[in-house]
Amino acid sequence: MAAKVSPSILSADFTDFADALKMLDEAGADMIHCDVMDGMFVQNITFGQPTIRALRKRTQTTLDVHLMICDPIRYIDEFASAGADIITVHAEACTHLHRAIQMIKAHGIKAGVSINPATSPECLRYVMDDVDLILCMSVNPGFGGQKFIPATLAKLRTVREMIDASGRDIMLEVDGGVNLENAAEIRAAGADVLVAGNAVFTHADPAEAIRVIRGE
Ligand code: DX5
Ligand code: ZN
């Protein structure tokens, strides 16, 4: 199956998300990646559930919500009611990861677990039966426009093996520093959803950027 591209609106003009959504829908984005940051789990602060609710009114495209917040269990119900289609929590931010996944799935939406570049995928082993998406960070989360950390490629291969061994349909997403040059080796390592912020938003032809990252 072809890879999907989930452009991150973190790289959009924050005064005009409606325009960004229109552009991404016309450019053929497979999903819209929404980076929620709380200033605690990561240094940066972005936006919260009211923004997800507003975005939901403007697009039918899958809203891929990446929560970079401490104790995300506190806000899962709110983000689900706001219209998220996928909610991804960080393993490092959850005291009760299994419960967080069940809370997401109780809303009938997809549950993702993300791990930082230095986190071992071993923490995913006992939730493989429950999770719908695994997000491997390829930069330290907090900001767009950072450089891809090459050690992530080996981890992607390991997680791909874990997914294949599970026999389940689990998306493997990679986030941070993805560009038109490194997308092919990221896909070859087993990723099937590629997040891209700057690479899509700074390109003169975002539709072309999405096609190249997807591998078309
Ligand atoms: C980083 C965010 C990423 C970011 C990716 O903390 O989670 O989604 O927006 O941006 P680029 O593609 O510019 O590295
Ligand atoms: Zn992200």
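All ligand and atom numbering here is 1-based and tracks the order in the structure. Just the heavy atoms: all of them, side chains too, but no hydrogens, waters or symmetry mates, feed the values below. Just so you know, residue 1 is the first one in the sequence shown, and it goes up from there.
- Ligand 1 has no N or O atom lying under 3.5 Å from any N or O atom of Asn140, backbone or side chain.
- Under 4.0 Å is where a charged nitrogen must lie from a carboxylate oxygen, and between Arg160 and Asp192 at least one such pair does.
- Closest heavy-atom approach to atom 8 (O) of ligand 1 among the candidates Asn44, Asn179, Asp175: Asp175.
- Residue Leu10 holds its CG atom at 9.0 Å from CG of Asp175, rounded to the nearest 0.5 Å.
- Close approach to His66 involves these atoms of ligand 1, each under 4.0 Å from a residue heavy atom: 7 (O).
- The ligand atoms of ligand 1 that sit less than 4.0 angstrom from a heavy atom of Ser8 are 8 (O), 9 (O).
- The Zn ion (ligand 2) has His33 NE2, Asp35 OD1, His66 ND1, Asp175 OD2 as its protein N, O or S neighbours under 2.8 Å.
- Ligand 1 places these atoms under 4.0 Å from at least one heavy atom of Ala196: 12 (O).
- For ligand 1, the polar-atom distance check finds an N/O of Gly145 within less than 3.5 Å of one of the ligand's N/O atoms.
- Partner of Cys34 under the side-chain contact (heavy atoms from CB on, under 4.5 Å) criterion, out of Ile86, Thr88, Leu55: Leu55 alone.
- Distances shorter than 4.0 angstrom do not occur between any heavy atom of Ala199 and any atom of ligand 1.
- Every residue two or more places apart in sequence or in another chain that forms a side-chain hydrogen bond (donor to acceptor under 3.5 Å, both in side chains) with Lys22 is listed here: Glu26.
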